[in-house]
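Since this is a predicted model, take the numbers as computed values, not measurements. Each chain gets a letter, A, B and so on, in the order the sequences are listed, and its residues count up from 1. Just so it is clear, the values below take in all heavy atoms, side chains as well, and ignore hydrogens, waters and symmetry mates.
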2 protein chains.
Amino acid sequence: MDDSSNRLDRAFAALADPTRRDLVARLAGSDATVGELAEPYDVSLQAISKHVKVLEEAGLVTRSRDAQRRPVHLHAETFDLMTTWIERYRREAEERYSRLDALLARGAEDRTDLKEAS
Amino acid sequence: MDDSSNRLDRAFAALADPTRRDLVARLAGSDATVGELAEPYDVSLQAISKHVKVLEEAGLVTRSRDAQRRPVHLHAETFDLMTTWIERYRREAEERYSRLDALLARGAEDRTDLKEAS
DNA sequence: CCCTTTCGCAACCGATCGGTTGACAACGGT
DNA sequence: ACCGTTGTCAACCGATCGGTTGCGAAAGGG
């Protein structure tokens with residue numbers, strides 16, 4: 001399963017960058033070319049081109065060909081992969097968290113040192 | 001803005017590493033100490049200690065104190081933050097994907113004159 | 001045909017990352 | 001009071017990352 005693991009590697013790493021998350025947010029509104037995507041930022045076009053490539057290799061976006069333009073659009077499938085992974089463990093964590101209260105209630109006889117709550 | 005963005009930065013970056021995803025998967029089953037977590041891997045204990053620290057600073061796990069042990073357990077909240085972010089744009093992407101057929105039927109056109117506000 | 005626009009590729013740079021080893025702090029057991 | 005257990009901190013190393021600049025390829029428009 002190096003395959004799906006590697007896809008998750010790239011997908012999570014891709015979304016770890018705020019610029020790339022912003023690109024995704026804007027692409028959710030409408031497809032765009034690299035030039036259009038690059039315009040709002042004060043970095044070079046090549047930098048954005050690299051970002052788009054990272055998103056593409058992560059399977060988060062795809063590109064088509066329209067003359068010399070390469071319109072970029074989101075690819076929802078990989079997002080599903082991520083939410084599926086996250087939700088699986090979030091659910092287990094919450095279930096265990098619910099049971100944690102009962103566990104703590106049973107064994108919290110000598111917990112006199114919790115003076116700080118969240 | 002930088003606040004929640006930074007939390008997402010760290011959370012996504014943390015889960016970009018397969019070892020850390022594996023740690024999360026195991027912690028979903030039960031809490032564990034750093035030593036217990038490190039045991040299955042062939043890397044040093046310090047390496048796993050660092051991984052746990054990354055997960056902690058990302059808000060994905062928390063630690064309590066039980067004598068010299070520092071049991072680690074999942075913190076579901078940050079997982080919610082991630083799925084919320086992802087789901088938002090995944091949904092928009094899928095909606096736009098449904099409309100893509102109609103868009104393609106009309107043919108590609110530039111969007112420089114979108115002034116309709118009805 | 002050229003020429004422009006759009007954009008990818010390659011090389012390079014500083015910063016960060018994942019790993020190592022070594023030292024040591026914190027705590028309990030005896 | 002010592003020792004073993006548990007885990008963190010600090011320094012270092014090679015690899016990768018996000019950014020830059022420079023060059024050139026691909027496709028239309030005049």
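- Nearest-nucleotide positions on DNA chain D for B:Val52 and A:Asp42 put B:Val52 closer to the 5' end.
- Whole-Å rounding puts the B:Asp9 CG to C:dC17 C1' distance at 15 Å.
- Rounded to a whole Å, the CZ atom of A:Arg10 is 17 Å from the C1' atom of D:dG18.
- In this structure, A:Arg20 and A:Gln46 both approach DNA chain D, and ranking their closest nucleotides by distance from the 5' end singles out A:Arg20.
- For the pair B:Arg91 and B:Glu95, the salt-bridge criterion is not met [side-chain N within less than 4.0 Å of a carboxylate O].
- Nearest to the side-chain atoms of A:Arg65 among the listed nucleotides C:dT20, D:dA27, D:dG19 stands D:dA27.
- Listed pair B:His51 / C:dC17 fails the phosphate criterion, with no side-chain N or O lying under 4.0 Å from OP1 or OP2.
- In this structure, B:Glu39 places its CD atom 15 Å from C1' of D:dT6, rounding to the nearest Å.
- Contact between the side-chain N/O atoms of A:Ser44 and the OP1/OP2 oxygens of D:dT20 is found at a separation under 4.0 Å.
- Listed nucleotides: C:dC7, C:dG18, C:dT20. Nearest to the side chain of A:Arg63: C:dC7.
- In this structure, A:Glu57 places its CD atom 10 Å from P of D:dC17, rounding to the nearest Å.
- Residues A:Arg63 and A:Val34 are in side-chain contact: their nearest non-hydrogen atoms beyond the backbone lie under 4.5 Å apart.
- Between B:Leu60 and B:Met82, the shortest heavy-atom contact is CD2-SD, 4.3 Å.
- Comment: A:Glu56 does not engage A:Lys53 in a salt bridge, judged by the lack of any side-chain N to carboxylate O separation of less than 4.0 angstrom.
- The listed nucleotides are D:dG18, D:dG7, C:dC7; the one nearest the side chain of A:Thr33 is C:dC7.
- Per the geometry, CG belonging to B:Leu45 stands 14 Å off C1' belonging to C:dC24, to the nearest Å.
- When the P atom of D:dG18 is taken as reference, atom CG of A:Leu23 falls 12 Å away, rounded to whole Å.
- In the interface, the side chain of A:Lys50 is not paired with the base of C:dG8 through any donor and acceptor atom under 3.5 Å apart.
- Here the C1' atom of nucleotide C:dA25 and the CZ atom of B:Arg70 are 12 Å apart, to the nearest Å.
- Distance OH (B:Tyr41) to P (C:dG18): 14 Å, rounded to an integer number of Å.
- The aromatic rings of A:Trp85 and A:Phe12 stand perpendicular to each other, their planes meeting at an angle above 60°, with 30° marking the opposite boundary.
- Contacts of A:Lys53 with the nucleic acid, taken as non-hydrogen atoms under 4.0 Å apart, involve only primed sugar atoms and P, OP1 or OP2.
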